[in-house]
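Input: a single structure, listed below in structure tokens.
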Amino acid sequence: MSDATMEQKLRLVQQVRSRYQEDQYDLSNRERILYGRSVVHPERPGYGSYYDDPYQEGSLPGEGEVSSFRLRFFLAMFLVMLVIVMDVNGIAVAGITSEKIYEVISADYEEVLETWVEAISSSVRK
């Protein structure tokens, strides 16, 4: 690479930066699809200029992002507590008892999942 001119080196650096930006954009789109994010945060580290300081004030990861983890966590805790209360007091909600819930949770669905995956795989191949 010693024969490379300064212009060639500059062009190579620009290509690397461009590819990095494209990869970050693709990654943000995949995160949006996977996690249901509706807003792309261009101010997040890695989404701005190549020379931006990712640790500057106000741009720390997770800052300002809306997450539904807390809501999902509290909902799960509420449902667990509901099942425990149903079990302790012998309550049935819409004909569903805690024993039936435990039975459904502890059931082995491996065989059902395998047949489902095989069915999906065969339909995709067609």
Heavy-atom pair with the smallest gap, counting every atom of Y109 and V104: OH-O, 3.2 Å
ILVMFWY cluster, I105 and L113 together (side-chain gap under 4.5 Å): no
By side-chain hydrogen bond (donor to acceptor under 3.5 Å, both in side chains) - contacts of R70 (at least two apart): none
Point-to-point distance, once rounded to the nearest 0.5 Å, from OG1 of T97 to NZ of K100: 7.0 Å
Listed partners of E7 passing side-chain contact (heavy atoms from CB on, under 4.5 Å), at least two apart: T5, R11
E22, CD: over 12 other non-hydrogen atoms inside 6.0 angstrom: yes
4.5 Å side-chain heavy-atom contact, L27 and D23: no
Evaluation steps, side chain to side chain contact (heavy atoms under 4.5 Å, CB included), between R32 and N29: CA-CA 5 Å; R32 181 181 51 81; N29 281 338; 3.8 Å; yes
For N89, all residues meeting side-chain contact (heavy atoms from CB on, under 4.5 Å), sequence neighbours excluded: V85, I91
For I101 against M86, the heavy-atom pair lying closest together: CD1-CE, 4.1 Å
Set of residues satisfying salt bridge (Lys or Arg N to Asp or Glu O under 4.0 Å) with respect to D87, sequence neighbours excluded: none
Any residue meeting side-chain hydrogen bond (donor to acceptor under 3.5 Å, both in side chains) with R30, in chain and number order, not counting sequence neighbours: none
Interatomic distance, F73 atom CZ to F78 atom CZ [nearest 0.5 angstrom]: 14.5 Å
For E114, all residues meeting side-chain contact (heavy atoms from CB on, under 4.5 Å), sequence neighbours excluded: E110
side-chain contact (heavy atoms from CB on, under 4.5 Å) against L10, all qualifying residues, sequence neighbours excluded: Q14
Straight-line distance of L12 CG to Q8 CD, nearest 0.5 Å: 9.5 Å
Listed partners of E118 passing side-chain hydrogen bond (donor to acceptor under 3.5 Å, both in side chains), at least two apart: none
Atom pair CG/CD1 of L79 and I84 - distance to nearest 0.5 Å: 11.0 Å
Min side-chain heavy-atom separation L75-R72 under 4.5 Å: no
